[in-house]
Amino acid sequence: MAGAGAGGRPGSVRSRTGRAVALARLLNRDCTRLLELYRERESLPPELPLEKDRIVALSPSAPHLSANERVWLLHSALCQCLRLLEHVIGWEEKQGFSGEGEYESVQTTVKDRLGHLLQSTKTLLVDGEGITPLTPDPGNPEETDGLEKGGIFEAKLWTYRVLQELIHWTQSTAQTLHNLHSERDKDRAKTTRKGKREKSGAQS
Amino acid sequence: MITLLFLVMFVPRVLSSSTQVAAIFPQDPALRIGSSLTATCSVSAELGIHAGTLYWTLNGKRLPSNTYTVLSPTALNVTLANLNGSQQQSGDNLVCHNSGGHVLAGSCLYIGMPPEKPVNLTCWSRNTKDLSCKWTPGGQGETFIRTKYTLKYKLKWYGRERECEDYNLGQPYMCYIPRDLALFTPYEIWVEATNQLGSATSDVITLDVLDVVTTDPPADVHVSRVGDLEDQLSVRWGTSPALKDFLFQAKYQIRYRLEDSTDWKVVDDVGNQTSCRLAGLRSGTVYFVQVRCNPVGIYGSRKAGIWSDWSNPTAASTPHSERLQSGSCDPKSGEHNSTLRRELKQFFGWVRKHAYGCSGMSIKLYDQWRVWLQKSHKTRNQVDSTRR
(Lines give C-alpha, C1' and ligand atoms only; values in the text may rest on other atoms or scores of the structure.)
Protein backbone atom coordinates (compact mmCIF):
# COMPACT_ATOMS: atom_id res chain seq x y z
CA MET A 1 0.00 0.00 0.00
CA ALA A 2 1.34 3.31 -0.96
CA GLY A 3 1.80 6.42 1.04
CA ALA A 4 -0.11 6.89 4.20
CA GLY A 5 0.55 3.52 5.65
CA ALA A 6 -2.28 1.63 7.21
CA GLY A 7 -0.98 1.99 10.76
CA GLY A 8 -2.99 1.29 13.86
CA ARG A 9 -4.38 -1.83 15.39
CA PRO A 10 -6.18 -4.05 12.87
CA GLY A 11 -9.84 -3.05 12.76
CA SER A 12 -9.26 0.30 14.51
CA VAL A 13 -10.59 3.53 12.96
CA ARG A 14 -6.99 4.59 12.36
CA SER A 15 -6.11 1.45 10.42
CA ARG A 16 -9.40 1.60 8.46
CA THR A 17 -8.69 5.22 7.53
CA GLY A 18 -5.20 4.28 6.38
CA ARG A 19 -6.56 1.51 4.20
CA ALA A 20 -9.22 3.80 2.72
CA VAL A 21 -6.53 6.38 1.86
CA ALA A 22 -4.43 3.74 0.10
CA LEU A 23 -7.46 2.47 -1.81
CA ALA A 24 -8.48 6.00 -2.84
CA ARG A 25 -4.95 6.65 -4.16
CA LEU A 26 -4.93 3.40 -6.10
CA LEU A 27 -8.34 4.17 -7.55
CA ASN A 28 -7.22 7.67 -8.47
CA ARG A 29 -4.44 6.16 -10.59
CA ASP A 30 -6.91 3.74 -12.20
CA CYS A 31 -9.26 6.63 -13.04
CA THR A 32 -6.44 8.64 -14.59
CA ARG A 33 -5.51 5.65 -16.75
CA LEU A 34 -9.17 5.18 -17.69
CA LEU A 35 -9.40 8.75 -18.92
CA GLU A 36 -6.23 8.30 -21.01
CA LEU A 37 -7.62 5.11 -22.53
CA TYR A 38 -10.93 6.79 -23.27
CA ARG A 39 -9.22 9.69 -24.99
CA GLU A 40 -7.21 7.24 -27.10
CA ARG A 41 -10.15 4.98 -27.89
CA GLU A 42 -12.37 7.83 -28.97
CA SER A 43 -9.63 9.84 -30.72
CA LEU A 44 -10.79 12.89 -28.81
CA PRO A 45 -9.21 16.23 -29.61
CA PRO A 46 -6.19 16.99 -27.41
CA GLU A 47 -7.62 20.46 -26.77
CA LEU A 48 -10.34 19.06 -24.48
CA PRO A 49 -9.97 21.16 -21.36
CA LEU A 50 -10.00 19.99 -17.78
CA GLU A 51 -13.44 20.95 -16.53
CA LYS A 52 -13.47 23.18 -13.51
CA ASP A 53 -17.24 22.98 -13.02
CA ARG A 54 -18.09 19.89 -11.06
CA ILE A 55 -21.05 17.64 -11.88
CA VAL A 56 -21.08 16.61 -8.24
CA ALA A 57 -20.43 19.80 -6.31
CA LEU A 58 -19.88 19.21 -2.62
CA SER A 59 -17.47 20.89 -0.21
CA PRO A 60 -15.99 18.35 2.16
CA SER A 61 -13.14 20.74 2.99
CA ALA A 62 -15.33 23.50 4.49
CA PRO A 63 -13.55 24.42 7.76
CA HIS A 64 -16.50 24.17 10.15
CA LEU A 65 -17.37 20.57 9.25
CA SER A 66 -16.71 17.76 11.69
CA ALA A 67 -14.66 14.75 10.60
CA ASN A 68 -17.79 12.64 10.38
CA GLU A 69 -19.57 15.22 8.23
CA ARG A 70 -16.60 15.40 5.87
CA VAL A 71 -16.53 11.61 5.43
CA TRP A 72 -20.27 11.62 4.89
CA LEU A 73 -19.92 14.20 2.11
CA LEU A 74 -17.13 12.21 0.46
CA HIS A 75 -19.19 9.06 0.71
CA SER A 76 -22.14 10.86 -0.92
CA ALA A 77 -19.95 12.21 -3.71
CA LEU A 78 -18.43 8.79 -4.42
CA CYS A 79 -21.88 7.27 -4.40
CA GLN A 80 -22.95 9.79 -7.02
CA CYS A 81 -19.80 9.06 -9.06
CA LEU A 82 -20.61 5.36 -9.08
CA ARG A 83 -24.11 6.10 -10.37
CA LEU A 84 -22.70 8.30 -13.11
CA LEU A 85 -20.20 5.62 -14.12
CA GLU A 86 -22.90 2.95 -14.18
CA HIS A 87 -25.01 5.16 -16.45
CA VAL A 88 -22.06 5.57 -18.79
CA ILE A 89 -21.37 1.82 -18.86
CA GLY A 90 -25.03 1.07 -19.54
CA TRP A 91 -25.20 3.66 -22.30
CA GLU A 92 -22.05 2.35 -24.01
CA GLU A 93 -23.43 -1.18 -23.91
CA LYS A 94 -26.75 -0.04 -25.33
CA GLN A 95 -25.01 1.77 -28.15
CA GLY A 96 -22.82 -1.26 -28.88
CA PHE A 97 -19.61 0.69 -28.24
CA SER A 98 -18.23 -1.64 -25.60
CA GLY A 99 -15.67 -4.23 -26.58
CA GLU A 100 -13.13 -6.34 -24.76
CA GLY A 101 -10.10 -4.06 -24.71
CA GLU A 102 -8.04 -2.50 -21.95
CA TYR A 103 -10.53 0.35 -21.60
CA GLU A 104 -13.34 -2.03 -20.66
CA SER A 105 -11.08 -3.97 -18.34
CA VAL A 106 -9.93 -0.85 -16.46
CA GLN A 107 -13.52 0.40 -16.43
CA THR A 108 -14.60 -2.77 -14.62
CA THR A 109 -11.73 -2.43 -12.15
CA VAL A 110 -12.69 1.18 -11.42
CA LYS A 111 -16.32 0.25 -10.87
CA ASP A 112 -15.41 -2.58 -8.50
CA ARG A 113 -12.86 -0.55 -6.55
CA LEU A 114 -15.24 2.37 -6.30
CA GLY A 115 -17.71 -0.02 -4.67
CA HIS A 116 -15.00 -1.08 -2.20
CA LEU A 117 -14.10 2.53 -1.44
CA LEU A 118 -17.74 3.32 -0.77
CA GLN A 119 -17.82 0.44 1.67
CA SER A 120 -14.60 1.65 3.30
CA THR A 121 -15.83 5.22 3.74
CA LYS A 122 -19.10 3.90 5.13
CA THR A 123 -17.27 1.99 7.86
CA LEU A 124 -15.47 5.20 8.87
CA LEU A 125 -18.74 6.93 9.70
CA VAL A 126 -20.18 7.01 13.16
CA ASP A 127 -23.41 5.01 12.75
CA GLY A 128 -22.23 3.84 9.31
CA GLU A 129 -25.12 1.40 8.90
CA GLY A 130 -27.81 4.02 9.34
CA ILE A 131 -26.29 6.50 6.89
CA THR A 132 -28.17 7.76 3.86
CA PRO A 133 -25.89 9.25 1.25
CA LEU A 134 -26.88 12.57 -0.18
CA THR A 135 -28.36 12.03 -3.62
CA PRO A 136 -30.04 14.30 -6.12
CA ASP A 137 -33.79 14.25 -6.50
CA PRO A 138 -34.59 10.86 -8.09
CA GLY A 139 -37.36 12.44 -10.12
CA ASN A 140 -34.86 14.76 -11.73
CA PRO A 141 -33.59 13.30 -15.01
CA GLU A 142 -30.78 15.82 -15.36
CA GLU A 143 -28.23 13.30 -14.20
CA THR A 144 -28.33 11.35 -17.45
CA ASP A 145 -29.04 14.32 -19.69
CA GLY A 146 -25.45 14.39 -20.82
CA LEU A 147 -25.93 11.00 -22.41
CA GLU A 148 -29.46 11.17 -23.70
CA LYS A 149 -30.22 14.77 -24.55
CA GLY A 150 -27.76 15.68 -27.27
CA GLY A 151 -25.93 13.87 -30.03
CA ILE A 152 -23.30 11.17 -29.74
CA PHE A 153 -20.43 13.65 -29.53
CA GLU A 154 -22.05 15.41 -26.59
CA ALA A 155 -22.47 12.04 -24.90
CA LYS A 156 -18.76 11.38 -25.42
CA LEU A 157 -17.91 14.75 -23.84
CA TRP A 158 -20.20 13.90 -20.95
CA THR A 159 -18.43 10.56 -20.47
CA TYR A 160 -15.13 12.45 -20.48
CA ARG A 161 -16.46 14.74 -17.78
CA VAL A 162 -17.68 11.82 -15.69
CA LEU A 163 -14.18 10.34 -15.81
CA GLN A 164 -12.71 13.69 -14.75
CA GLU A 165 -15.23 13.72 -11.93
CA LEU A 166 -13.99 10.33 -10.79
CA ILE A 167 -10.39 11.56 -10.80
CA HIS A 168 -11.36 14.64 -8.80
CA TRP A 169 -13.35 12.80 -6.16
CA THR A 170 -10.91 9.94 -5.64
CA GLN A 171 -8.12 12.52 -5.27
CA SER A 172 -10.26 14.55 -2.88
CA THR A 173 -11.10 11.42 -0.86
CA ALA A 174 -7.45 10.42 -0.59
CA GLN A 175 -6.46 13.94 0.48
CA THR A 176 -9.26 14.52 2.99
CA LEU A 177 -8.92 11.10 4.58
CA HIS A 178 -5.16 11.52 4.74
CA ASN A 179 -5.65 14.83 6.60
CA LEU A 180 -8.09 13.17 9.00
CA HIS A 181 -5.60 10.37 9.52
CA SER A 182 -2.88 12.91 10.37
CA GLU A 183 -5.20 14.92 12.67
CA ARG A 184 -6.11 11.73 14.53
CA ASP A 185 -2.42 10.92 14.89
CA LYS A 186 -1.77 14.38 16.35
CA ASP A 187 -4.73 14.09 18.75
CA ARG A 188 -3.51 10.70 19.81
CA ALA A 189 0.01 11.99 20.46
CA LYS A 190 -1.40 14.93 22.46
CA THR A 191 -3.56 12.62 24.56
CA THR A 192 -0.61 10.32 25.21
CA ARG A 193 1.65 13.24 26.26
CA LYS A 194 -1.08 14.69 28.48
CA GLY A 195 -1.66 11.30 30.07
CA LYS A 196 2.06 10.87 30.73
CA ARG A 197 2.31 14.35 32.30
CA GLU A 198 -0.68 13.69 34.54
CA LYS A 199 0.75 10.35 35.53
CA SER A 200 4.19 11.76 36.40
CA GLY A 201 2.55 14.72 38.26
CA ALA A 202 0.55 12.32 40.39
CA GLN A 203 3.67 10.30 41.18
CA SER A 204 5.69 13.35 42.33
CA MET B 1 -26.37 17.25 9.25
CA ILE B 2 -29.38 19.19 7.91
CA THR B 3 -27.40 22.42 7.81
CA LEU B 4 -25.06 20.71 5.40
CA LEU B 5 -27.77 20.53 2.81
CA PHE B 6 -27.26 24.22 2.19
CA LEU B 7 -23.65 23.60 1.34
CA VAL B 8 -24.43 20.86 -1.06
CA MET B 9 -25.40 21.36 -4.60
CA PHE B 10 -25.51 19.06 -7.54
CA VAL B 11 -24.68 21.28 -10.44
CA PRO B 12 -27.15 21.15 -13.34
CA ARG B 13 -25.93 18.33 -15.48
CA VAL B 14 -25.36 19.91 -18.84
CA LEU B 15 -22.36 20.35 -21.01
CA SER B 16 -20.43 23.54 -20.84
CA SER B 17 -22.51 26.40 -22.11
CA SER B 18 -20.30 26.85 -25.16
CA THR B 19 -21.62 23.65 -26.73
CA GLN B 20 -25.15 24.98 -26.56
CA VAL B 21 -24.41 28.14 -28.47
CA ALA B 22 -22.93 26.31 -31.42
CA ALA B 23 -24.16 23.36 -33.45
CA ILE B 24 -23.02 21.18 -36.31
CA PHE B 25 -25.28 20.07 -39.10
CA PRO B 26 -25.73 17.22 -39.95
CA GLN B 27 -25.65 15.54 -36.54
CA ASP B 28 -24.27 11.99 -36.46
CA PRO B 29 -24.79 11.13 -40.14
CA ALA B 30 -24.20 7.68 -41.67
CA LEU B 31 -22.37 7.70 -44.99
CA ARG B 32 -20.90 5.23 -47.43
CA ILE B 33 -17.14 4.83 -47.74
CA GLY B 34 -15.86 7.03 -50.54
CA SER B 35 -18.69 9.53 -50.33
CA SER B 36 -18.36 13.25 -49.54
CA LEU B 37 -19.82 15.36 -46.78
CA THR B 38 -20.33 19.06 -46.28
CA ALA B 39 -20.95 20.01 -42.66
CA THR B 40 -21.81 23.38 -41.20
CA CYS B 41 -20.81 24.82 -37.86
CA SER B 42 -23.23 27.55 -36.77
CA VAL B 43 -22.37 29.74 -33.81
CA SER B 44 -24.74 31.98 -31.92
CA ALA B 45 -24.34 35.67 -32.69
CA GLU B 46 -24.24 36.27 -28.91
CA LEU B 47 -20.81 34.67 -28.79
CA GLY B 48 -19.38 37.49 -30.87
CA ILE B 49 -17.15 35.05 -32.76
CA HIS B 50 -16.70 35.44 -36.51
CA ALA B 51 -17.03 32.17 -38.44
CA GLY B 52 -13.77 32.96 -40.24
CA THR B 53 -11.82 32.41 -37.02
CA LEU B 54 -13.17 28.92 -36.42
CA TYR B 55 -11.44 25.70 -37.40
CA TRP B 56 -12.34 22.01 -37.74
CA THR B 57 -10.77 18.76 -36.53
CA LEU B 58 -11.54 15.18 -37.49
CA ASN B 59 -10.55 12.65 -34.81
CA GLY B 60 -8.31 15.27 -33.25
CA LYS B 61 -6.48 16.21 -36.48
CA ARG B 62 -6.91 19.72 -37.81
CA LEU B 63 -8.53 19.88 -41.24
CA PRO B 64 -6.85 22.15 -43.83
CA SER B 65 -8.42 25.59 -44.22
CA ASN B 66 -8.78 25.15 -47.99
CA THR B 67 -11.65 22.77 -47.25
CA TYR B 68 -13.58 25.55 -45.40
CA THR B 69 -16.15 27.97 -46.74
CA VAL B 70 -17.42 30.90 -44.70
CA LEU B 71 -21.15 31.00 -45.37
CA SER B 72 -21.93 33.95 -43.12
CA PRO B 73 -20.39 35.67 -40.09
CA THR B 74 -21.86 32.88 -37.95
CA ALA B 75 -21.59 29.80 -40.18
CA LEU B 76 -18.58 27.87 -41.45
CA ASN B 77 -18.69 24.90 -43.83
CA VAL B 78 -16.19 22.11 -44.25
CA THR B 79 -16.18 19.64 -47.11
CA LEU B 80 -14.74 16.17 -46.65
CA ALA B 81 -14.17 14.19 -49.83
CA ASN B 82 -13.67 10.46 -50.38
CA LEU B 83 -14.34 9.43 -46.79
CA ASN B 84 -12.60 6.41 -45.27
CA GLY B 85 -14.33 3.90 -43.01
CA SER B 86 -14.92 5.02 -39.42
CA GLN B 87 -11.93 4.70 -37.14
CA GLN B 88 -14.02 3.85 -34.08
CA GLN B 89 -17.36 2.12 -33.55
CA SER B 90 -18.74 5.20 -31.85
CA GLY B 91 -18.17 7.27 -35.01
CA ASP B 92 -15.44 9.67 -36.13
CA ASN B 93 -15.43 12.98 -34.24
CA LEU B 94 -15.93 16.00 -36.45
CA VAL B 95 -15.42 18.99 -34.17
CA CYS B 96 -15.72 22.75 -34.57
CA HIS B 97 -13.31 24.87 -32.46
CA ASN B 98 -12.90 28.56 -31.75
CA SER B 99 -9.55 30.21 -32.44
CA GLY B 100 -8.37 29.37 -28.90
CA GLY B 101 -8.95 25.66 -29.50
CA HIS B 102 -12.05 25.44 -27.33
CA VAL B 103 -14.53 22.78 -28.47
CA LEU B 104 -17.71 24.50 -29.64
CA ALA B 105 -19.67 21.58 -31.09
CA GLY B 106 -19.21 18.09 -32.49
CA SER B 107 -20.84 15.51 -34.67
CA CYS B 108 -20.03 11.80 -35.05
CA LEU B 109 -19.69 10.41 -38.54
CA TYR B 110 -20.56 6.78 -39.23
CA ILE B 111 -18.80 5.81 -42.42
CA GLY B 112 -19.04 2.29 -43.71
CA MET B 113 -20.97 0.09 -46.08
CA PRO B 114 -24.42 -1.48 -45.94
CA PRO B 115 -24.24 -5.14 -44.91
CA GLU B 116 -24.23 -7.89 -47.51
CA LYS B 117 -26.36 -10.97 -47.05
CA PRO B 118 -25.01 -13.37 -44.40
CA VAL B 119 -23.86 -16.76 -45.69
CA ASN B 120 -23.05 -20.31 -44.50
CA LEU B 121 -25.99 -20.47 -42.10
CA THR B 122 -25.89 -23.83 -40.30
CA CYS B 123 -27.77 -25.14 -37.27
CA TRP B 124 -27.53 -28.08 -34.91
CA SER B 125 -29.53 -29.41 -32.00
CA ARG B 126 -28.04 -30.99 -28.92
CA ASN B 127 -30.11 -34.03 -28.01
CA THR B 128 -33.17 -32.55 -29.82
CA LYS B 129 -33.70 -30.14 -26.93
CA ASP B 130 -32.36 -26.88 -28.37
CA LEU B 131 -31.05 -25.29 -31.55
CA SER B 132 -27.83 -23.38 -32.17
CA CYS B 133 -27.12 -21.61 -35.43
CA LYS B 134 -24.06 -19.85 -36.78
CA TRP B 135 -23.34 -17.89 -39.92
CA THR B 136 -20.70 -15.80 -41.65
CA PRO B 137 -21.12 -12.11 -42.48
CA GLY B 138 -21.48 -11.55 -46.19
CA GLY B 139 -18.99 -9.78 -48.45
CA GLN B 140 -15.81 -8.64 -46.78
CA GLY B 141 -17.27 -8.89 -43.29
CA GLU B 142 -17.27 -5.91 -40.98
CA THR B 143 -18.40 -2.70 -42.57
CA PHE B 144 -16.70 -0.24 -40.14
CA ILE B 145 -20.01 0.56 -38.51
CA ARG B 146 -21.91 -1.69 -36.15
CA THR B 147 -24.06 -4.27 -37.87
CA LYS B 148 -26.79 -5.98 -35.93
CA TYR B 149 -27.62 -9.59 -36.82
CA THR B 150 -30.99 -11.12 -36.02
CA LEU B 151 -31.71 -14.82 -36.42
CA LYS B 152 -35.35 -15.43 -37.25
CA TYR B 153 -37.28 -18.68 -37.53
CA LYS B 154 -40.78 -19.98 -38.09
CA LEU B 155 -42.53 -23.29 -38.59
CA LYS B 156 -42.70 -23.80 -42.32
CA TRP B 157 -46.45 -24.26 -42.78
CA TYR B 158 -48.21 -22.21 -40.17
CA GLY B 159 -45.93 -20.74 -37.52
CA ARG B 160 -45.50 -17.11 -36.69
CA GLU B 161 -42.12 -15.49 -37.09
CA ARG B 162 -39.91 -15.57 -34.00
CA GLU B 163 -36.55 -14.11 -33.10
CA CYS B 164 -33.64 -15.84 -31.46
CA GLU B 165 -32.59 -13.88 -28.37
CA ASP B 166 -29.39 -15.33 -26.95
CA TYR B 167 -26.37 -14.03 -28.85
CA ASN B 168 -23.98 -13.98 -25.87
CA LEU B 169 -22.23 -17.23 -26.57
CA GLY B 170 -18.65 -16.06 -26.42
CA GLN B 171 -18.33 -15.94 -30.18
CA PRO B 172 -19.91 -13.67 -32.76
CA TYR B 173 -22.38 -14.62 -35.45
CA MET B 174 -24.08 -17.29 -33.42
CA CYS B 175 -27.43 -17.60 -31.65
CA TYR B 176 -28.98 -20.12 -29.30
CA ILE B 177 -32.65 -21.12 -28.99
CA PRO B 178 -32.90 -23.02 -25.71
CA ARG B 179 -36.45 -24.43 -25.79
CA ASP B 180 -39.96 -24.59 -27.26
CA LEU B 181 -38.92 -26.30 -30.46
CA ALA B 182 -41.30 -28.52 -32.39
CA LEU B 183 -40.19 -31.89 -33.74
CA PHE B 184 -41.46 -33.55 -36.95
CA THR B 185 -42.19 -30.16 -38.55
CA PRO B 186 -39.66 -28.27 -40.61
CA TYR B 187 -38.51 -24.81 -39.62
CA GLU B 188 -37.53 -21.98 -41.90
CA ILE B 189 -34.52 -20.12 -40.56
CA TRP B 190 -32.72 -17.02 -41.79
CA VAL B 191 -30.52 -14.13 -40.61
CA GLU B 192 -31.09 -10.42 -41.09
CA ALA B 193 -28.13 -8.04 -41.02
CA THR B 194 -28.89 -4.35 -40.41
CA ASN B 195 -26.84 -1.22 -39.97
CA GLN B 196 -27.42 2.51 -40.41
CA LEU B 197 -26.85 2.20 -44.14
CA GLY B 198 -29.17 -0.67 -44.96
CA SER B 199 -30.02 -4.31 -44.38
CA ALA B 200 -29.62 -7.70 -46.04
CA THR B 201 -31.19 -11.11 -45.48
CA SER B 202 -29.51 -14.49 -45.84
CA ASP B 203 -30.98 -17.36 -47.86
CA VAL B 204 -33.67 -19.21 -45.94
CA ILE B 205 -32.72 -22.72 -44.83
CA THR B 206 -35.36 -25.32 -44.08
CA LEU B 207 -34.70 -28.03 -41.54
CA ASP B 208 -36.33 -30.47 -39.20
CA VAL B 209 -34.70 -30.45 -35.76
CA LEU B 210 -34.44 -34.27 -35.92
CA ASP B 211 -32.23 -33.99 -38.99
CA VAL B 212 -29.57 -31.90 -37.27
CA VAL B 213 -29.17 -33.67 -33.96
CA THR B 214 -25.86 -34.08 -32.26
CA THR B 215 -25.28 -35.51 -28.84
CA ASP B 216 -22.89 -35.52 -25.90
CA PRO B 217 -19.63 -37.41 -26.28
CA PRO B 218 -19.83 -41.00 -25.02
CA ALA B 219 -19.51 -41.22 -21.27
CA ASP B 220 -17.34 -43.60 -19.24
CA VAL B 221 -14.71 -44.44 -21.81
CA HIS B 222 -12.55 -47.24 -20.40
CA VAL B 223 -9.37 -48.45 -21.98
CA SER B 224 -7.74 -51.58 -20.63
CA ARG B 225 -5.23 -54.24 -21.50
CA VAL B 226 -6.25 -57.48 -23.17
CA GLY B 227 -4.55 -59.96 -20.90
CA ASP B 228 -0.86 -60.04 -21.70
CA LEU B 229 -1.34 -59.17 -25.35
CA GLU B 230 1.27 -56.53 -25.87
CA ASP B 231 -0.12 -55.12 -29.13
CA GLN B 232 -3.75 -54.69 -28.10
CA LEU B 233 -6.01 -52.53 -25.95
CA SER B 234 -9.70 -52.88 -25.29
CA VAL B 235 -11.99 -49.80 -25.37
CA ARG B 236 -15.47 -49.71 -23.83
CA TRP B 237 -17.92 -46.83 -23.46
CA GLY B 238 -21.48 -46.03 -22.49
CA THR B 239 -24.22 -44.60 -24.71
CA SER B 240 -25.32 -41.01 -24.26
CA PRO B 241 -27.97 -40.95 -21.53
CA ALA B 242 -29.58 -37.88 -23.08
CA LEU B 243 -30.83 -39.90 -26.03
CA LYS B 244 -31.99 -42.98 -24.18
CA ASP B 245 -35.67 -42.28 -24.91
CA PHE B 246 -35.15 -41.96 -28.64
CA LEU B 247 -35.15 -44.62 -31.29
CA PHE B 248 -31.98 -44.20 -33.21
CA GLN B 249 -28.99 -46.01 -34.56
CA ALA B 250 -25.84 -44.62 -33.02
CA LYS B 251 -22.61 -44.67 -34.97
CA TYR B 252 -19.28 -44.42 -33.16
CA GLN B 253 -15.76 -43.51 -34.09
CA ILE B 254 -12.57 -44.07 -32.12
CA ARG B 255 -9.30 -42.29 -32.49
CA TYR B 256 -6.04 -42.97 -30.71
CA ARG B 257 -2.51 -41.68 -30.66
CA LEU B 258 0.84 -42.32 -29.09
CA GLU B 259 1.59 -40.34 -25.99
CA ASP B 260 4.25 -38.23 -27.66
CA SER B 261 2.59 -37.81 -31.03
CA THR B 262 -0.08 -35.46 -32.34
CA ASP B 263 -1.21 -37.74 -35.16
CA TRP B 264 -4.46 -39.45 -34.46
CA LYS B 265 -5.39 -42.73 -36.07
CA VAL B 266 -9.12 -43.05 -36.66
CA VAL B 267 -11.13 -46.27 -36.50
CA ASP B 268 -14.40 -45.50 -38.24
CA ASP B 269 -15.87 -48.96 -38.76
CA VAL B 270 -17.02 -49.36 -35.19
CA GLY B 271 -20.71 -49.19 -36.13
CA ASN B 272 -23.11 -49.15 -33.20
CA GLN B 273 -21.08 -51.34 -30.86
CA THR B 274 -20.04 -49.92 -27.53
CA SER B 275 -16.72 -51.71 -27.33
CA CYS B 276 -13.81 -52.30 -29.61
CA ARG B 277 -10.36 -53.83 -29.55
CA LEU B 278 -7.44 -51.84 -30.89
CA ALA B 279 -4.80 -54.10 -32.42
CA GLY B 280 -1.42 -53.68 -34.01
CA LEU B 281 -0.17 -51.41 -31.22
CA ARG B 282 3.38 -51.00 -29.95
CA SER B 283 4.26 -52.86 -26.81
CA GLY B 284 5.07 -50.95 -23.62
CA THR B 285 3.58 -47.77 -25.01
CA VAL B 286 1.06 -45.28 -23.64
CA TYR B 287 -1.89 -44.53 -25.92
CA PHE B 288 -4.53 -41.83 -25.67
CA VAL B 289 -7.99 -42.84 -26.83
CA GLN B 290 -11.14 -40.80 -27.62
CA VAL B 291 -14.59 -41.81 -28.80
CA ARG B 292 -17.41 -39.84 -30.44
CA CYS B 293 -20.98 -40.55 -31.38
CA ASN B 294 -23.22 -39.76 -34.30
CA PRO B 295 -26.93 -40.24 -33.60
CA VAL B 296 -28.23 -41.37 -36.99
CA GLY B 297 -31.83 -41.85 -37.94
CA ILE B 298 -33.58 -40.48 -34.87
CA TYR B 299 -37.24 -41.41 -35.32
CA GLY B 300 -36.43 -42.51 -38.83
CA SER B 301 -34.69 -39.34 -39.99
CA ARG B 302 -32.80 -40.04 -43.20
CA LYS B 303 -30.21 -37.30 -42.81
CA ALA B 304 -26.66 -38.09 -41.81
CA GLY B 305 -26.39 -37.07 -38.16
CA ILE B 306 -23.83 -34.68 -36.73
CA TRP B 307 -20.82 -36.05 -34.89
CA SER B 308 -20.55 -35.17 -31.21
CA ASP B 309 -17.37 -33.71 -29.75
CA TRP B 310 -14.68 -36.23 -28.90
CA SER B 311 -14.74 -37.61 -25.37
CA ASN B 312 -11.98 -36.56 -22.99
CA PRO B 313 -8.81 -38.54 -23.72
CA THR B 314 -8.34 -41.72 -21.74
CA ALA B 315 -4.85 -43.16 -21.43
CA ALA B 316 -3.64 -46.73 -21.14
CA SER B 317 -0.42 -48.57 -21.84
CA THR B 318 0.23 -51.83 -23.61
CA PRO B 319 2.27 -54.44 -21.75
CA HIS B 320 6.04 -54.51 -22.23
CA SER B 321 7.31 -57.28 -24.43
CA GLU B 322 8.95 -60.26 -22.72
CA ARG B 323 12.31 -59.50 -24.35
CA LEU B 324 12.45 -56.06 -22.80
CA GLN B 325 11.27 -57.22 -19.41
CA SER B 326 13.91 -59.91 -19.15
CA GLY B 327 16.60 -57.54 -20.17
CA SER B 328 18.03 -60.17 -22.49
CA CYS B 329 21.21 -59.37 -24.29
CA ASP B 330 20.12 -56.09 -25.79
CA PRO B 331 23.34 -54.05 -25.89
CA LYS B 332 21.33 -50.98 -24.85
CA SER B 333 19.69 -52.64 -21.87
CA GLY B 334 21.88 -50.66 -19.49
CA GLU B 335 20.53 -47.46 -21.01
CA HIS B 336 16.95 -48.78 -20.75
CA ASN B 337 17.54 -49.66 -17.14
CA SER B 338 18.80 -46.25 -16.19
CA THR B 339 15.90 -44.57 -18.03
CA LEU B 340 13.49 -46.91 -16.28
CA ARG B 341 15.08 -46.24 -12.90
CA ARG B 342 14.84 -42.48 -13.46
CA GLU B 343 11.26 -42.78 -14.59
CA LEU B 344 10.30 -44.96 -11.64
CA LYS B 345 11.94 -42.53 -9.24
CA GLN B 346 9.97 -39.68 -10.78
CA PHE B 347 6.79 -41.75 -10.65
CA PHE B 348 7.14 -42.64 -6.97
CA GLY B 349 7.79 -38.98 -6.21
CA TRP B 350 4.57 -38.07 -7.98
CA VAL B 351 2.63 -40.80 -6.17
CA ARG B 352 3.78 -39.44 -2.83
CA LYS B 353 2.67 -35.95 -3.81
CA HIS B 354 -0.55 -36.54 -5.73
CA ALA B 355 -1.98 -39.91 -4.78
CA TYR B 356 -1.78 -39.49 -1.02
CA GLY B 357 -4.31 -41.68 0.69
CA CYS B 358 -4.96 -43.86 -2.37
CA SER B 359 -4.88 -47.51 -1.60
CA GLY B 360 -2.64 -49.80 -3.54
CA MET B 361 -0.39 -49.27 -6.49
CA SER B 362 -1.62 -50.21 -9.93
CA ILE B 363 -0.70 -49.83 -13.57
CA LYS B 364 -3.69 -47.47 -13.84
CA LEU B 365 -1.95 -45.09 -11.47
CA TYR B 366 1.14 -45.30 -13.66
CA ASP B 367 -0.98 -44.40 -16.73
CA GLN B 368 -2.51 -41.52 -14.83
CA TRP B 369 0.96 -40.26 -14.05
CA ARG B 370 1.95 -40.43 -17.72
CA VAL B 371 -1.07 -38.27 -18.60
CA TRP B 372 -0.11 -35.80 -15.88
CA LEU B 373 3.50 -35.78 -17.06
CA GLN B 374 2.48 -35.05 -20.63
CA LYS B 375 0.12 -32.26 -19.58
CA SER B 376 2.80 -30.60 -17.48
CA HIS B 377 5.26 -30.86 -20.40
CA LYS B 378 2.72 -29.29 -22.68
CA THR B 379 2.06 -26.44 -20.24
CA ARG B 380 5.79 -25.83 -19.89
CA ASN B 381 6.20 -25.80 -23.66
CA GLN B 382 3.35 -23.32 -23.98
CA VAL B 383 4.87 -21.07 -21.34
CA ASP B 384 8.25 -21.28 -23.05
CA SER B 385 6.79 -20.45 -26.45
CA THR B 386 4.85 -17.52 -24.93
CA ARG B 387 8.05 -16.18 -23.36
CA ARG B 388 9.84 -16.52 -26.67
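Each chain gets a letter, A, B and so on, in the order its sequence line appears, and its residues count up from 1.
- Environment of NZ in B:Lys154: crowded, with over 12 heavy atoms of neighbouring residues, nucleotides or ligands closer than 6.0 Å.
- From A:Ile152, atom CD1 reaches atom CG of B:Leu109 across 12.0 Å, with rounding to the nearest 0.5 Å.
- Contact count versus chain B (heavy atoms, under 4.5 Å) is highest, among A:Gln95, A:Lys156, A:Glu100, for A:Lys156.
- Using a 4.5 Å cut-off between heavy atoms, B:Ser90 touches chain A through backbone and side chain atoms alike.
- Taking OG of B:Ser107 as the start and CD of A:Glu154 as the end, the distance is 10.0 Å to the nearest 0.5 Å.
- Of all non-hydrogen atoms in A:Ser43 and B:Gln87, the two that sit nearest each other are OG-NE2, 2.9 Å.
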### Residue pair B:Gln88, A:Glu42: steps toward the side chain to side chain contact (heavy atoms under 4.5 Å, CB included) verdict
CA-CA 7 Å; B:Gln88 54 263 341; A:Glu42 295 301 335; 3.9 Å; yes

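- By the 6.0 Å contact criterion, CD on B:Glu165 is open, its count of non-hydrogen atoms from other residues, nucleotides or ligands being 12 or less.
- For chain A, the nearby part of B:Asp28 is the side chain; its heavy atoms alone come within less than 4.5 Å.
- More than 12 heavy atoms of other residues, nucleotides or ligands sit less than 6.0 Å from atom CD of B:Glu161.
- Side-chain contact between B:Val103 and A:Phe153 is present, with heavy atoms from C-beta onward closer than 4.5 Å.
- No other option in B:Gln89, B:Arg62, B:Gln27, B:Lys61 has as many heavy-atom pairs under 4.5 Å with chain A as B:Gln89.
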